[in-house]
Amino acid sequence: MAPKTLTALVEEKTLHGSFVRDEDERPKVAYNEFSTEIPVISLAGIDEVEGRRAEICKKIVEACEDWGVFQVVDHGVDAALISNMSRLAREFFALPPEEKLRFDMSGGKKGGFIVSSHLQGEAVNDWREIVTYFSYPLRHRDYSRWPDKPEGWIAVTEEYSEKLMGLACKLLEVLSEAMGLEKEALTKACVDMDQKVVINYYPKCPQPDLTLGLKRHTDPGTITLLLQDQVGGLQATRDGGNTWITVQPVEGAFVVNLGDHGHYLSNGRFRNADHQAVVNSNYSRLSIATFQNPAPEATVYPLKIREGEKSILEEPITFAEMYRRKMSKDIELARLKKLAKEKQLQDLENAKHHDQSKPIERIVA
Ligand code: OGA
Ligand code: NI
């Protein structure tokens with residue numbers, strides 16, 4: 001079980017055991033060793049059909065084929081709104097534990113505060129606290145699960161969520177066109193676009209080399225827009241976790257990454273970014289992830305299969321089913337990993353006993 005908040009654990013000299021990861025999952029690259037591989041794309045002029053639009057779209061599409069990640073600047077979301085949103089979020093996480101726990105979502109509540117992950121029951125915990133807002137569709141909004149402190153945060157989050165919905169739809173238009181489809185194709189495939197705003201707070205960590213802020217994953221949805229502060233910690237891999245790069249923080253930019261739904265709809269042409277977040281002992285870090293997902297009943301199947309290609313999905317499934325399969329695969333992998341670890345320990349144990357029973361001269365020789 002994850003602790004209720006991380007406030008007390010931050011003061012400890014050694015990392016609480018429930019956050020210690022197996023060696024193969026631990027960070028390989030420092031949180032502040034930045035790479036410039038991920039392109040930073042200005043959206044200025046994206047609506048000028050005769051002007052810069054074609055050039056901007058080309059860059060976006062290349063990035064989606066390459067890493068499934070890019071950053072956008074000049075995106076039209078007001079800088080004051082972004083800074084208010086970040087400031088209020090930081091103030092929330094600085095509140096005393098009992099205030100944060102008024103919105104405790106352990107026990108399955110839809111929205112609010114929790115430590116580590118929305119997927120509880122993982123063997124190792126993530127070193128983060130989160131607040132989740134289920135923001136779209138509007139008819140599903142439950143304001144009783146939206147923290148009412150600090151004052152004004154609800155109104156700012158409403159505006160933030162609306163502006164990010166607009167930006168996400170604009171980016172999905174670009175990807176639809178790149179697939180040779182009408183502009184609305186990807187948003188329509190989402191049926192009734194769902195949005196979840198997750199604010200990640202990664203406190204300073206006593207032993208950051210042993211743990212992760214957020215373990216390696218792909219986002220399940222269509223597209224994610226991430227706002228991060230200047231500390232650094234978001235990492236991506238293209239080779240199954242052998243090598244990693246740390247995404248360079250850019251003031252006021254959104255890191256955009258594609259999720260599994262976007263990957264399937266493009267028949268694998270656009271990559272679902274494989275990523276994680278690392279932590280450090282110098283600074284706490286804040287990031288705000290806005291997930292744009294299809295409705296649970298939306299169909300997941302390639303919208304376009306190019307000449308000579310086969311569908312990467314055998315049959316159309318619903319997004320709810322896609323998500324269920326993803327989760328059961330994750331659970332199966334965790335089970336296999338646990339088994340392998342137990343076997344390794346057992347083999348080691350057996351070898352020890354075996355050695356002890358050998359005649360002395362054989363060991364000396
Ligand atoms: C996420 C995520 C990365 C970060 O919330 O899904 O990938 O840097 N966050 O916080
Ligand atoms: Ni993610």
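Start at 1 with the first residue, then count along the sequence. Atoms within a ligand are numbered from 1 in the order they appear, just like the ligands themselves. Atoms considered below: every heavy atom in the structure, side chains included; atoms not considered: hydrogens, waters and symmetry mates. A quick note: this is a predicted structure, and the numbers were derived from the prediction, not measured.
- Under a 3.5 Å cut-off, the side chain of Asp239 and the backbone N or O of Asn242 do form a donor-acceptor pair.
- Between the side chain of Thr246 and the backbone N or O of Phe34 there is no donor-acceptor pair closer than 3.5 Å.
- Near Asp219, with a cut-off below 4.0 Å to any heavy atom, the atoms of ligand 1 are 6 (O).
- Taking every heavy atom of Ser287 and a limit of under 4.0 angstrom, the matching atoms of ligand 1 come to 4 (C), 10 (O).
- Within the sub-2.8 Å shell of the Ni ion (ligand 2), the protein contributes these N/O/S atoms: His217 NE2, Asp219 OD1, His275 NE2.
- At a heavy-atom cutoff of 4.0 Å, ligand 1 is contacted by no atom of Gln235, backbone or side chain.
- Here the heavy atom of the protein found nearest to atom 3 (C) of ligand 1 is Leu234 CD1, 3.8 Å.
- The Ala289 neighbourhood of ligand 1 comprises atoms 5 (O), with distances under 4.0 Å to a heavy atom of that residue.
- In this structure, the protein non-hydrogen atom closest to atom 9 (N) of ligand 1 is Leu214 CD2, 3.6 Å.
- Taking a 4.0 Å cut-off on heavy atoms, Val198 fails to register as neighbouring ligand 1.
- Looking at Thr224 against ligand 1, nothing comes within 4.0 Å, counting heavy atoms.
- The distance criterion of under 3.5 Å between nitrogen or oxygen atoms is not met by Arg128 with respect to ligand 1.
- Not one N or O on the side chain of Asn267 forms a donor-acceptor pair closer than 3.5 Å with the backbone of Arg306.
- For Lys4, the side chain to side chain donor-acceptor pair (under 3.5 Å) partners at least two apart in sequence or on another chain are Asp104, Ser106.
- Listed by atom number, the atoms of ligand 1 under 4.0 Å from Phe291 heavy atoms are 1 (C), 5 (O), 6 (O).
- Applying the ring pair (Phe, Tyr, Trp, His ring centres under 6.0 Å) test to residues at least two apart or on different chains, the pairs with a partner in residues 204-224 are His217-His275.
- Among the candidates Thr211, Leu9, Asn125, the single residue satisfying the side-chain contact (heavy atoms from CB on, under 4.5 Å) test with His16 is Leu9.
- With His261 as the fixed residue, the side-chain contact (heavy atoms from CB on, under 4.5 Å) test singles out one of Asp219, Asn293, Ile223, Thr222: Thr222.
- Within the structure, ligand 1 lacks Gln276 among the residues with a heavy atom less than 4.0 angstrom away.
- Looking only at protein heavy atoms, the nearest one to atom 5 (O) of ligand 1 is Asn200 ND2, 3.3 Å.
- Nearest non-hydrogen protein atom to atom 8 (O) of ligand 1 is Arg285 NH2, 2.8 Å.
- Pairs of residues two or more places apart, or lying in two chains, that qualify as ring pair (Phe, Tyr, Trp, His ring centres under 6.0 Å) and include a residue from residues 158-204 are Phe93-Tyr201.
- At least one heavy atom of His275 sits closer than 4.0 Å to an atom of ligand 1.
- A donor-acceptor contact shorter than 3.5 Å is absent between the side chain of Arg271 and the backbone of Leu258.
- A salt bridge links Glu62 with Lys58: at least one charged nitrogen is closer than 4.0 Å to a carboxylate oxygen.
- Remark: the backbone N or O of Thr290 is not paired with any side-chain donor or acceptor of Thr224 at under 3.5 angstrom.
- With no hydrogens or angles considered, no side-chain donor-acceptor pair links Ser176 and Lys188 at under 3.5 Å.
- Counting only distance, with no hydrogens or angles, the side chain of Trp67 and the backbone of Cys64 share no donor-acceptor pair below 3.5 Å.
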